[in-house]
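Read the structure below first, then the notes.
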Amino acid sequence: MTSTLRHGGVPGSDEAGKAGEHTAREERRPGRWLALSVLVLAVLLVTVDATVLGLATPYISEDLEPSGTQLLWIGDVYSFVIAGLLVSMGSLGDRIGRKRLLLVGAAVFGAISVLNAYATTPELMILARALLGAAGATLMPATLALIRNIFHDPRERSLAIGIWGATASAGTAVGPVVGGFLLEHFWWGSVFLINVPVMLVLVPVGIRLLPESRNPNPGPWDLASVALSLVGMIGIVYAVKELALHGFAWQPVAVGLLGAGALYGFVRRQLGMPVPLLDMRLFRNRGFSAAVAADLLTVFGMSGLVFFLSQYLQLVQGRRPFEAGLAELPAAVGAVAAGLVAGAAARRYSVRAVVSGGLAAVGLALAALTLLSQSTGYSLLGTALLAVGVGAGFSFTVTADVILSSVPKEQAGAASAVSETAYELGAALGIALLGSIVTGVYAGFRGPAGTPAGAHDSLGGAVEAAARLPAHTSEALLEAARTSFVDGLALASGIGAVVLLATATAAWFLLKGQKLENGTR
């Protein structure tokens with residue numbers, strides 16, 4: 001509905017005038033900002049969980065004694081499962097109601113967090129993380145879809161998306177700080193239990209404040225499509241992970257081919273369905289496709305740094321968990337500040353300038369981190385993290401706005417799910433590939449005579465092994481292990497920098513002419 005109809009309408013068109021008045025009333029819904037507060041609580045539920053895992057990894061490694069492969073699975077199985085289910089869950093929300101799906105998912109997420117906290121073996125921890133991914137898949141697309149349906153004015157929606165993104169960034173800040181405090185005073189499982197009080201607030205308040213929304217003509221929820229999506233995503237990412245870590249082998253190749261076949265079947269099935277789970281025609285929109293691709297590649301390039309940074313701060317530089325959490329604050333502060341003004345900046349300048357500039361800033365910051373050493377001062381690290389946060393805040397906020405603005409509000413759940421799938425798939429692939437590079441470089445270090453074989457599996461394993469060795473041997477082992485770990489992290493940062501700068505260049509051309517809306521449709 002255009003602003004012309006809202007401010008007087010077309011003479012003789014009573015229906016158009018009434019529709020315009022209805023749109024205006026929706027736009028002025030007094031409870032929309034209170035409803036947004038519930039949605040940002042859901043975002044906190046997910047982001048805090050993701051950030052505390054990095055801090056807890058050394059403690060989990062020491063207590064559960066996972067192998068290097070198991071440690072990577074603990075880190076990325078959440079992303080595998082959530083990436084495989086996001087599209088299906090986003091579409092389910094369009095069908096049964098986004099509010100209902102969000103609140104049920106939040107309750108399950110809190111309950112599964114308890115299972116994470118009390119896992120006693122690496123295998124149980126991997127299972128718990130997988131179940132948490134299934135619950136998490138209900139949350140993020142539902143929050144964005146509800147924003148699309150609550151905020152009808154494009155400028156208000158841009159601000160709401162900025163607040164949504166800023167909250168996610170704040171969660172990355174709160175998670176390490178709170179998690180670091182808990183790790184210094186309690187056992188590692190306590191970092192997962194902080195999800196429970198958030199859930200206990202979110203669900204009853206959400207029941208009262210959130211409006212329900214759904215697609216009025218949803219069609220059936222096709223279980224065959226759900227299965228194809230899940231098998232396809234997990235199969236592809238598993239194959240990439242295994243091939244990157246262990247080299248060529250027939251088993252991961254076969255799994256990867258199975259995954260590719262499942263994704264092909266998923267696409268064909270969607271094209272043949274009258275009401276698909278995911279309307280593949282969305283990808284014909286150049287802005288939509290470019291924004292999704294930018295998100296995927298950005299997260300891919302950043303994931304090596306994000307996953308291993310806490311280990312670097314604690315196990316290489318010897319910071320306590322709380323101190324390590326504080327050290328990561330600049331990234332979150334930069335992302336919060338940039339997210340709140342990103343929409344206005346994109347309207348004043350251009351979408352491609354803000355997105356490309358943000359991606360370039362992240363790429364240059366990652367390039368600076370190739371200079372990391374064991375003794376790198378915080379001035380370099382803090383400045384680089386601030387640049388990463390500002391760049392990511394600008395880019396992710398604007399691409400989310402582009403994605404939501406490109407589709408009718410009835411398809412907001414599916415579109416939001418595509419955006420989140422790109423994010424999670426990028427994280428999973430990044431941890432698989434860049435994480436495997438760090439692990440591979442690390443595993444090649446030459447320790448002193450008497451170095452236990454388990455010290456080559458992970459840096460946490462080397463620290464634990466060194467504690468049982470004589471002082472001279474222990475120091476030599478730690479020096480070799482830390483140097484090798486930093487070399488791997490610097491290499492991953494360099495690869496990430498190349499990916500981000502290439503993505504910034506591509507975004508400049510692919511987002512040409514793309515604009516954010518300035519008035520109510």
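Using a 4.5 Å cut-off on side-chain heavy atoms (C-beta onward), L381 and L369 make contact. A 4.5 Å side-chain heavy-atom check between V438 and L434 finds every atom pair outside the cut-off. Inter-residue side-chain proximity for L326 and L329 is flagged as met; some heavy-atom pair is nearer than 4.5 Å. By the 4.5 Å heavy-atom criterion applied to side chains, L202 and L103 are counted as neighbours. Looking at V267 and Q270, their side chains never come closer than 4.5 Å, going by heavy atoms from C-beta outward. A 4.5 Å side-chain heavy-atom check between V104 and T138 finds every atom pair outside the cut-off. In this structure the side chain of F394 reaches within 4.5 angstrom of the side chain of V341, judged on heavy atoms. L139 is listed as a side-chain neighbour of L102, based on a closest heavy-atom distance under 4.5 Å.
Across every non-hydrogen atom of A361 and G391, the tightest pair is CB-CA, 4.3 Å. Taking both residues in full, the closest heavy atoms of I161 and A400 are given as CG2-CB, 3.9 Å, listed atom of the first, atom of the second, then distance. Between L366 and G301 the shortest heavy-atom distance is CD1-O, 3.7 Å. Closest approach of G133 and V81 over heavy atoms only: C-CG1, 4.0 Å. Closest approach of M89 to L101, counting heavy atoms only: O-CD2, 3.1 Å. Considering every non-hydrogen atom in both A367 and A497, the closest pair reads N-CB, 3.5 Å.
With sequence neighbours excluded, no residue forms a salt bridge (charged side-chain N to carboxylate O under 4.0 Å, His left out) with R352. In this structure L230 satisfies the side chain to side chain contact (heavy atoms under 4.5 Å, CB included) test together with L85, I234, sequence neighbours excluded. With sequence neighbours left out, the ring pair (Phe, Tyr, Trp, His ring centres under 6.0 Å) criterion links F283 to F288. When the ring pair (Phe, Tyr, Trp, His ring centres under 6.0 Å) test is applied to F109, no partner is found at least two apart in sequence or on another chain. Every residue meeting the side-chain hydrogen bond (donor to acceptor under 3.5 Å, both in side chains) condition with Y264, not counting sequence neighbours, appears here in chain and number order: R268. Scored by the ring pair (Phe, Tyr, Trp, His ring centres under 6.0 Å) test, F308 finds F485 as partners (sequence neighbours excluded).
Atom CG of L372 and atom OG1 of T370 lie 8.0 Å apart (nearest 0.5 Å). The distance from atom OG1 of T505 to atom CG of L500, rounded to the nearest 0.5 Å, is 10.5 Å. In this structure, the separation between CD1 on I147 and CZ on R98 is 12.5 Å, given to the nearest 0.5 Å. One distance of note links CG of D295 with CZ of F300; it measures 15.0 Å at 0.5 Å rounding. Atoms CG and OG1, from L296 and T399 in turn, are 11.5 Å apart once rounded to the nearest 0.5 Å. The NZ atom of K99 sits 9.5 Å away from atom CG of L146, with the distance rounded to the nearest 0.5 Å.
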CA sep, side-chain torsions, deciding dist, call: F266, M233, side chain to side chain contact (heavy atoms under 4.5 Å, CB included): CA-CA 11 Å; F266 174 81; M233 287 290 184; over 6 Å; no
From CA spacing to verdict: side chain to side chain contact (heavy atoms under 4.5 Å, CB included), S158, R347: CA-CA 10 Å; S158 292; R347 287 183 172 86; 2.9 Å; yes
Criterion side chain to side chain contact (heavy atoms under 4.5 Å, CB included) on L297 and L359, from CA distance to verdict: CA-CA 10 Å; L297 292 172; L359 297 180; over 6 Å; no
Residue pair L489, Q311: steps toward the side chain to side chain contact (heavy atoms under 4.5 Å, CB included) verdict: CA-CA 10 Å; L489 182 57; Q311 294 182 60; over 6 Å; no
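In terms of modelled atom types and a separation under 3.5 Å, the side chain of D401 and the main chain of T397 share no donor-acceptor contact. Counting only distance, with no hydrogens or angles, the side chain of S395 and the backbone of A392 share no donor-acceptor pair below 3.5 Å. In this structure a side-chain-to-backbone donor-acceptor pair under 3.5 Å is missing from S229 to V226. Looking at S356, its side chain does come within 3.5 Å of a backbone N or O of A504 through a donor-acceptor pair. Between the side chain of T298 and the backbone N or O of A294 there is at least one donor-acceptor pair closer than 3.5 Å.
Shown here is Y349, whose OH atom has no more than 12 heavy atoms of other residues, nucleotides or ligands within 6.0 Å.
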